[in-house]
Amino acid sequence: MSVTIFTMTHKKFPTPGDPVYVPLQVGRAGASDLGYIGDDTGVSISEKNCYYGELTGVYWVWKNIKTTDYVGICHYRRYFCTEEGRILTAGEYENILSEYDIITSKRLKLNFSYYEGYAGDYNIHDLDAVGEIIRQFYPAYYGTFAKLVQGRGTYFGNMCVCKKEIYDAYCEWLFGIFEKAEGKINASSYDDYHKRVYGFISEFLLYVWVQARGLKAYECKVGMTDEKRETTETKEKLAAYFARKDIAGAKEYILSCLEKRPDILMEASDITGELKLSMQVIAVCELEKQAYGSSTIDRIQEFSALMAHFGKLNDLVLSYKEGMALREIKLFLEKENITPIALEASARLFYPNKEAREIAERILGCAEG
């Protein structure tokens, strides 16, 4: 059994060192040569990278790779890994694939339907157009598409590993849909992020295809070796606002970021959860300032200290929900002067909104008793 995992990249990166991983530069037709294999040789759609993202590499592997039994796709900073976070080896891929048809990412569990989520972040016309193409030209898949698009799950990252013939069948289906969709979707006026419409929709379509085909999927943990540059820059700028105690400025900044890049709060981007915590910091401090004239930011301005403070509070509220840590909560509330506003905000992460205030009051009552 031969396994080759192509690592999609648009930048230089430290490779894992295992020869099973082969770097593949995507979008090389319009970029400088990084010294890796490029997706602009042989049969290629490299010039469509601004619309397809890493799919130009997925396409290249489909059309040009014929010498491996099993083929896979990962990213320069995103790999399939063990539950402990170690990147999988060739032998581990072979063991898994001896029992499963395909390796995919773990399904994301959404708080809303995939359709609602897509409509909130992108042009819903594009997803509707793809659905209509599936209905017309791939009717055997439409029932699964219609069901799952209203469900609360999806794969992410366009990552998979499987037999080459399975991979080829998937690509023939996927790019057949998108070839027809190009006549119905005009993304030329979209910003650079939203132009990658086919890359976004394909993450969900892999989920549809696997389910419709009844494949036995091994949903594998995905490990991140590095943050997105945009995520790091956003945190650095938020840290500067917090250091100045400028909550209003931080709020304006993060909202402007979310308007341009709604993906930055996704688990695959915000791998430490610190952007979500920063949103919590902003909301709590804004309400505390209105209610009390001062807020947590007046006592703690350093970014990592703020993250630790709110992270600890959230952990303790979750422990309370699980029937633990009441004494520890009491000590933390007293030591850190936690306000009812901050406690209720944490409770909202784990309880329905209508219950959060009641839970916060109950915790305060127990802590004071």
Side-chain angles (χ1 to χ4, degrees), residues 4-8 24 26 39 45 48 51-63 65 70-75 78-80 88 93 96-97 100-110 113-115 117-118 121-122 126-127 129-131 133-135 137-138 140-181 185 196-222 263 266-269:
T4 306
I5 312 297
F6 288 91
T7 308
M8 306 297 177
L24 175 62
V26 297
D39 68 350
I45 57 169
K48 295 182 180 182
Y51 300 108
Y52 278 75
E54 68 273 0
L55 289 185
T56 59
V58 173
Y59 183 96
W60 184 89
V61 171
W62 170 36
K63 291 295 187 178
I65 297 300
Y70 289 80
V71 69
I73 302 299
C74 64
H75 299 265
R78 188 182 293 161
Y79 297 87
F80 289 121
L88 293 184
Y93 281 119
I96 294 169
L97 291 167
Y100 291 85
D101 297 317
I102 189 169
I103 299 172
T104 67
S105 66
K106 289 183 183 291
R107 266 174 285 185
L108 290 179
K109 296 179 181 178
L110 309 175
S113 72
Y114 180 82
Y115 190 88
Y118 195 93
D121 293 334
Y122 310 104
D126 301 338
L127 183 60
V130 166
I133 288 166
I134 293 173
R135 188 189 69 80
F137 298 97
Y138 304 90
Y141 294 85
Y142 184 70
T144 303
F145 174 89
K147 176 184 177 182
L148 296 182
V149 82
Q150 296 300 332
R152 298 188 174 189
T154 185
Y155 294 148
F156 72 93
N158 286 316
M159 296 175 62
C160 66
V161 187
C162 57
K163 285 183 178 179
K164 184 59 164 58
E165 53 262 40
I166 293 177
Y167 181 91
D168 289 351
Y170 167 63
C171 287
E172 183 175 4
W173 177 79
L174 179 72
F175 290 104
I177 292 169
F178 287 163
E179 183 178 354
K180 296 176 178 65
I185 295 173
R196 303 201 304 269
V197 56
Y198 301 106
F200 297 135
I201 294 177
S202 64
E203 295 178 312
F204 175 67
L205 291 188
L206 176 59
Y207 179 42
V208 171
W209 191 79
V210 168
Q211 295 296 311
R213 295 286 290 252
L215 297 182
K216 186 178 181 182
Y218 181 86
E219 296 188 356
C220 189
K221 180 177 179 178
V222 173
D263 65 316
M266 292 178 61
E267 181 179 321
S269 298

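Residues take their numbers from the sequence shown, with the count starting at 1. These values consider heavy atoms only, across backbone and side chains, with no hydrogens, waters or symmetry-generated copies.
Looking only at side-chain heavy atoms (C-beta outward), Ile65 and Thr4 stay at 4.5 Å or farther from each other. Looking at Phe178 and Ser202, their side chains come closer than 4.5 Å, going by heavy atoms from C-beta outward. Contact of the Val222 side chain with the Phe156 side chain is registered, since non-hydrogen atoms from C-beta on lie closer than 4.5 Å. You'll find the side chain of Ile96 stays beyond 4.5 Å of the side chain of Val161, heavy atoms only. Under the 4.5 Å side-chain criterion, counting only non-hydrogen atoms from C-beta, Arg152 is not in contact with Lys109.
Note: Leu88 CG to Tyr93 OH = 4.5 Å, rounded to the nearest 0.5 Å. Considering OH of Tyr141 and CG of Leu148, their distance stands at 13.5 Å, rounded to 0.5 Å. Note that CG of Leu215 and OH of Tyr170 are 11.5 Å apart. Values are rounded to the nearest 0.5 Å. To the nearest 0.5 Å, the span separating CG on Asp126 from CD1 on Ile185 amounts to 4.5 Å. Between Arg213 atom CZ and Trp173 atom CH2 the span is 10.0 Å, to the nearest 0.5 Å. To the nearest 0.5 Å, the span separating CD on Glu203 from CG on Leu55 amounts to 8.5 Å.
Taking the six-membered ring where the residue is Trp, Tyr52 and Tyr198 present parallel rings, their angle staying beneath 30° rather than reaching 60°. Ring planes of Tyr114 and Phe204: parallel class, angle under 30° (limits at 30 and 60°).
Partners of Tyr100 according to the ring pair (Phe, Tyr, Trp, His ring centres under 6.0 Å) rule, which considers only residues two or more places apart in sequence or in another chain, are Tyr218. Residues passing the ring pair (Phe, Tyr, Trp, His ring centres under 6.0 Å) test with Tyr155, sequence neighbours excluded: Tyr207.
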side-chain contact (heavy atoms from CB on, under 4.5 Å) evaluation trace for Tyr138 with Ile177: CA-CA 8 Å; Tyr138 304 90; Ile177 292 169; 3.5 Å; yes
side-chain contact (heavy atoms from CB on, under 4.5 Å) between Tyr79 and Thr7, intermediate numbers included: CA-CA 9 Å; Tyr79 297 87; Thr7 308; 3.7 Å; yes
Steps toward side-chain contact (heavy atoms from CB on, under 4.5 Å) verdict (Tyr51, Ile45): CA-CA 10 Å; Tyr51 300 108; Ile45 57 169; over 6 Å; no
Run the side-chain contact (heavy atoms from CB on, under 4.5 Å) test on Asn158 and Ile73 for me, step by step, so that the C-alpha distance in whole Å, both residues' side-chain angles and the decisive distance to 0.1 Å come before the verdict. CA-CA 7 Å; Asn158 286 316; Ile73 302 299; 5.5 Å; no
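Summarising the geometry of Val61 relative to Tyr167, their closest heavy-atom pair is CB-OH, 3.5 Å, with the distance given to 0.1 Å. Shown here for Leu206 and Cys160, the closest heavy-atom pair between the two residues is CD2-CB, 4.2 Å. Here the closest heavy-atom approach between residue Thr56 and residue Lys48 is recorded as CG2-C, 3.9 Å. Pairing each heavy atom of Gln211 with each of Thr144, the nearest pair is CB-CG2, 4.0 Å. Across all their heavy atoms, Cys171 and Val58 have their closest contact at SG-CG1, 3.8 Å. The minimum heavy-atom distance between Cys74 and Met159, with the atom names listed, is CB-CE, 3.9 Å.
Residues Tyr118 and Tyr122 place their aromatic rings such that the two centres sit under 6.0 Å apart. Proximity of the aromatic rings of Tyr59 and Phe175 is defined here by a centroid distance below 6.0 angstrom, and this criterion is met.
More than 12 heavy atoms of other residues, nucleotides or ligands sit less than 6.0 Å from atom NZ of Lys221. Around atom CD of Gln150, more than 12 heavy atoms belonging to other residues, nucleotides or ligands sit under 6.0 Å away. More than 12 heavy-atom neighbours from other residues, nucleotides or ligands sit within 6.0 angstrom of NZ on Lys106. Open room surrounds CD on Glu179; 12 or fewer heavy atoms of other groups in view lie less than 6.0 Å from it.
With hydrogens and angles ignored, the 3.5 Å screen pairs no side-chain donor or acceptor of Glu219 with any backbone N or O of Thr104.
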